[in-house]
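Scroll down for the structure; my scribbles are underneath it.
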There are 2 protein chains.
Amino acid sequence: MSNLEPTVLEPEVAPCCPPITSAELSVEDSVRMAAMFKALSDPVRLRLFSKIASHPGGEACVCDIQDVGVSQPTVSHHLKKLREAGLLTSERRGTWVYYQVAPSVVAGMAALLDLNR
Amino acid sequence: MSNLEPTVLEPEVAPCCPPITSAELSVEDSVRMAAMFKALSDPVRLRLFSKIASHPGGEACVCDIQDVGVSQPTVSHHLKKLREAGLLTSERRGTWVYYQVAPSVVAGMAALLDLNR
DNA sequence: TCAACACATCGACGTTTGTCGAATCAGGCG
DNA sequence: CGCCTGATTCGACAAACGTCGATGTGTTGA
């Protein structure tokens with residue numbers, strides 16, 4: 001991958017959670033994590049997320065990814081949901097708005113589902 | 001943890017999918033994976049799943065986990081959802097019904113979210 | 001055979017969700 | 001300034017969801 005960045009993880013790493021096999025989730029943690037899973041629980045949102053994550057540099061302009069079979073306001077709505085869940089960040093650069101994946105948050109989800117530890 | 005079982009993974013590993021950073025999801029794959037994420041998108045379901053996954057042997061009887069703050073029919077409803085999504089399997093043994101996690105399916109979700117490859 | 005228990009299904013309900021078109025906001029440019 | 005383009009917000013509406021109490025199904029044991 002790109003060796004330009006030593007992949008410095010965000011300092012604010014999601015403190016959640018140990019692997020789901022190691023301990024039962026608390027009520028609060030289950031609410032927090034469920035909100036993240038919910039963000040990926042719609043096919044259109046998952047595809048948008050996939051398009052951004054697989055884009056070079058892990059970011060993409062809305063205009064690059066809005067061909068997912070729904071109207072443009074609906075795309076915007078879904079991107080907002082993903083942003084509110086913490087899975088994406090956005091940044092305006094001139095005319096366009098770029099969305100990036102939030103690596104630490106996604107890593108937290110993956111870690112929760114790691115059954116082998 | 002328990003060294004009784006050498007943790008033999010199921011041979012039938014979910015064929016879905018390469019890590020989300022490596023390629024854009026197809027429409028069909030996004031529908032399949034979104035359904036799995038949806039199963040974990042409710043706090044009560046996530047707690048039920050957590051209780052089962054963290055139980056010794058990766059399985060639990062309904063009677064062991066139904067203390068999650070909702071009625072018994074609702075627990076049953078949520079377990080059905082998790083089962084339909086492929087995340088759990090169930091088995092009746094006498095009076096009780098035992099639910100087990102489906103390791104390969106969960107591993108597939110974790111693999112999809114692995115950003116580091 | 002019947003009572004008791006474990007769990008699933010049914011029917012109903014209020015709430016949330018995904019979607020759209022219309023309107024609005026924000027920058028770039030003539 | 002005024003216009004065009006990119007993107008978000010608004011309002012509405014049908015569909016899906018989470019929840020419950022009541023009822024059904026299956027198993028054990030007296």
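Throughout, protein chains are lettered first and strands after them, A, B, ... in sequence-line order, and every chain is numbered starting at 1. Small disclaimer: the values here were computed from a predicted structure and weren't measured. What you see below is based on every heavy atom in this structure, not just the backbone, and it leaves out hydrogens, waters and symmetry mates.
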Does the side chain of B/Met109 reach to within under 4.5 Å of the side chain of B/Phe37, using non-hydrogen atoms?
yes
Return the 5'-most residue of the pair A/Leu79, B/Gln72 with respect to DNA chain D, ranking by each residue's nearest nucleotide.
A/Leu79
Rounded to whole Å, the CD-P distance (B/Glu91 to C/dA6) equals 19 Å
Return the value, rounded to whole Å, for the distance between atom CG of A/Asp64 and atom C1' of D/dG6.
12 Å
Distance test, side-chain N/O of A/Thr74 to OP1/OP2 of C/dC20, below 4.0 Å:
yes
Can a side chain N or O of B/Lys38 be found less than 4.0 Å away from OP1 or OP2 on D/dC17?
yes
Length of the line joining B/Tyr98:OH and C/dA6:P, which is rounded to integer Å
12 Å
Between B/Gln100 and B/Thr89, is a side-chain hydrogen bond (donor to acceptor under 3.5 Å, both in side chains) present by the stated rule, with each step listed?
CA-CA 5 Å; B/Gln100 304 93 20; B/Thr89 58; 2.7 Å; yes
With the side chain defined as heavy atoms from C-beta on, B/Pro73 is closest, among D/dG21, C/dG18, D/dT27, to D/dG21
In whole Å, what is the span from the CD atom of B/Gln66 to the C1' atom of C/dC5?
11 Å
Whole-Å distance, B/Lys81 NZ to C/dT9 C1', equals 14 Å
Applying the side chain to side chain contact (heavy atoms under 4.5 Å, CB included) criterion to B/Val44, which one of B/Val75, B/Val70, B/Thr74 satisfies it?
B/Val70
Considering non-hydrogen atoms only, spot the tightest contact between B/Ala39 and B/Ala85 and give its length.
CB-CB, 3.5 Å
Could you state whether A/Leu87 and A/Val31 fall into the same hydrophobic cluster, counting links through intermediate Ile, Leu, Val, Met, Phe, Trp or Tyr residues with side-chain heavy atoms under 4.5 angstrom apart?
no
Shortest side-chain distance from A/His77, nucleotide among C/dT19, D/dT28, C/dA8
C/dT19
A/Tyr98 and A/Val62: same hydrophobic cluster, using ILVMFWY side-chain contacts below 4.5 Å?
no
B/Val68 side chain reached by A/Val27 side chain, heavy atoms, under 4.5 Å
no
Would B/Glu84 and B/Lys38 pass as an ion pair if we require N to O under 4.0 Å?
no
D/dT19, OP1 or OP2 - any side-chain N/O from B/His78 closer than 4.0 Å?
yes
Where do N or O atoms of nucleotides 2-4 of chain D meet protein N or O atoms at under 3.5 Å, pair by pair?
none

Ignoring backbone atoms, test whether A/Ser76 places a side-chain nitrogen or oxygen under 4.0 Å from the OP1 or OP2 oxygen of D/dT8.
yes
Check this one for me: any side-chain N or O of B/Tyr99 less than 4.0 Å away from OP1 or OP2 of C/dA6?
no
When the distance from CG of B/Leu88 to C1' of C/dA8 is rounded to whole Å, what number comes out?
16 Å
Closest listed nucleotide, where the reference is the side chain of A/Val62 and the choices are D/dG18, D/dT28, D/dA7:
D/dA7
A/Leu82 CG to C/dT17 P, in whole Å, measures 14 Å
What parts of residues 40-58 of chain A reach DNA chain C, counting only heavy atoms under 4.0 Å away?
A/Asp42, A/Val44, A/Arg45
Of all the choices, C/dG21, D/dC20, D/dA7, which nucleotide is nearest to the side chain of A/Ser71 once you look at every atom?
C/dG21
Side chain of B/Cys61 only, please: which of C/dG18, C/dC7, C/dC20 is the nearest?
C/dC7
Please tell me which of A/Arg92 and A/Gly69 maps to the more 5' nucleotide of DNA chain C, matching each residue to the nucleotide holding its nearest heavy atom.
A/Gly69
Least distance between heavy atoms, A/Arg92 atom then A/Gly94 atom
NE-O, 3.2 Å
Side-chain N,O (B/Lys80) to OP1/OP2 (C/dA8) below 4.0 Å
no
Below 4.5 Å, heavy atoms only, C-beta onward: do A/Thr21 and A/Asn116 meet side chain to side chain?
no
